[in-house]
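Structure first, commentary second.
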Amino acid sequence: MIFWRAIAAAMLLVTGPALLAGEIPPDARRSGYSFMGPDTRAMQDDDTSNPGMLFVLDGEALWGKKMGDAGKACADCHGDAATSMKGVAARYPAFDKALARPVTLDQRINLCRANHQQVTPLPYESRDLLALSAYVAHQSRGVAITAGDDPQLKPFVDQGRDLFMQREGQLNLACTNCHDDNFDKRLAGAPITQAQPTGYPLYRLEWQTLGSIERRLRSCMSGVRAQAYDYGSPELVALELYLMSRARGLPMETPAVRP
């Protein structure tokens, strides 16, 4: 599947008329939801049909579960997530003063586990980490994204933007070639969106499970025949930060559903 998508990407950008529009103006930015067909939208809109909600429910159970040497649950520090976590995911990745760098929501969860619950951090893309991340992010559904507002984040936002614009891989393509210049077209039968990360972690029908934005970025890198960055790498964090700052003002919709 990845091979054929790589071929399709090359054909789209070599033979198709590229828009070459550059960065999308803020007032023209759209959630991936607006590119979806009616069936996919209906699945996302109905919490009883949205498969991502199963992860949210698992995350709710984990939120109240005491664990680790400290014998603490997330709820012991943060209380009712519906109140304490509202708006939190909308501002991540956020600057961590102790580390002097941005951290993603997944990384913040693992820092809390290690520092406050005294329990082993969860592996990237593990069900429990995705469930906790989805549960926290779900509390911000409908809240406008504000990520990147902190002035301390500016060099990291700039790094992410540079990576977004940088050509890579055997196909010599950049993220911007698809998501700025050719959105609203189709690639291997799927719509090309603007890559606005409004609904992560999201349920992707191709994956048949929930996945993080880092999984999606790594998939795109493999698609253009580039070496994908490791999970949690500074490059992936910077890319996520840039994408979230680029989506500033759009509402959160976790857990989104995509093809």
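Computed over heavy atoms, backbone and side chain alike; hydrogens, waters and symmetry mates excluded.
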Q: Assign the ring pair F35 / F183 to parallel, tilted or perpendicular, where the plane angle (0 to 90°) is split at 30° and 60°.
A: perpendicular
If you round to the nearest 0.5 Å, how far is [atom2] of [Y] from [atom1] of [X]?
X: S49; Y: D39; atom1: OG; atom2: CG; value: 11.0 Å
X: I192; Y: C178; atom1: CD1; atom2: SG; value: 5.0 Å
X: D180; Y: C175; atom1: CG; atom2: SG; value: 9.0 Å

Does [X] come within less than 4.0 Å of [Y], counting only side-chain N to carboxylate O?
X: R91; Y: D150; answer: no
X: D47; Y: R141; answer: yes
X: E23; Y: R161; answer: yes
X: D184; Y: R30; answer: yes
X: D45; Y: R41; answer: no

Q: Would you please name every residue forming a salt bridge (charged side-chain N to carboxylate O under 4.0 Å, His left out) with R101, sequence neighbours left out?
A: none
Q. Closest approach of V56 and H138, non-hydrogen atoms and distance?
A. CG1-CD2, 3.9 Å
Q. Taking all atoms of both residues into account, what is the closest heavy-atom pair of G232 and Q107, and its distance?
A. O-NE2, 3.4 Å
For a quick check under 3.5 Å, do [X] and [Y] share a side-chain donor-acceptor pair by atom type?
X: Q118; Y: R113; result: no
X: T48; Y: D46; result: yes
X: E253; Y: T198; result: yes

Q.
Within the supplied structure, the quantity of interest is the number of heavy atoms (other residues, nucleotides, ligands) at a distance under 6.0 Å from Q208 CD; does it exceed 12?
A. yes
Is it possible for you to say whether [X] and [Y] belong to one hydrophobic cluster, with membership spreading through side-chain heavy-atom contacts below 4.5 Å?
X: M53; Y: L132; answer: yes
X: L54; Y: M43; answer: no
X: L243; Y: L163; answer: yes
X: L236; Y: L129; answer: no

Q: Would you check if Q117 and C112 make a side-chain contact, meaning some heavy-atom pair closer than 4.5 Å?
A: no
Q) In chain order, what residues pass the side chain to side chain donor-acceptor pair (under 3.5 Å) check against Y92, with sequence neighbours excluded? A) R108
Q: Determine, step by step, whether R127 and D58 satisfy the salt bridge (Lys or Arg N to Asp or Glu O under 4.0 Å) criterion, reporting the C-alpha distance in whole Å, the side-chain angles of both residues, the deciding distance to 0.1 Å, and the verdict.
A: CA-CA 9 Å; R127 186 177 180 93; D58 285 350; 2.9 Å; yes
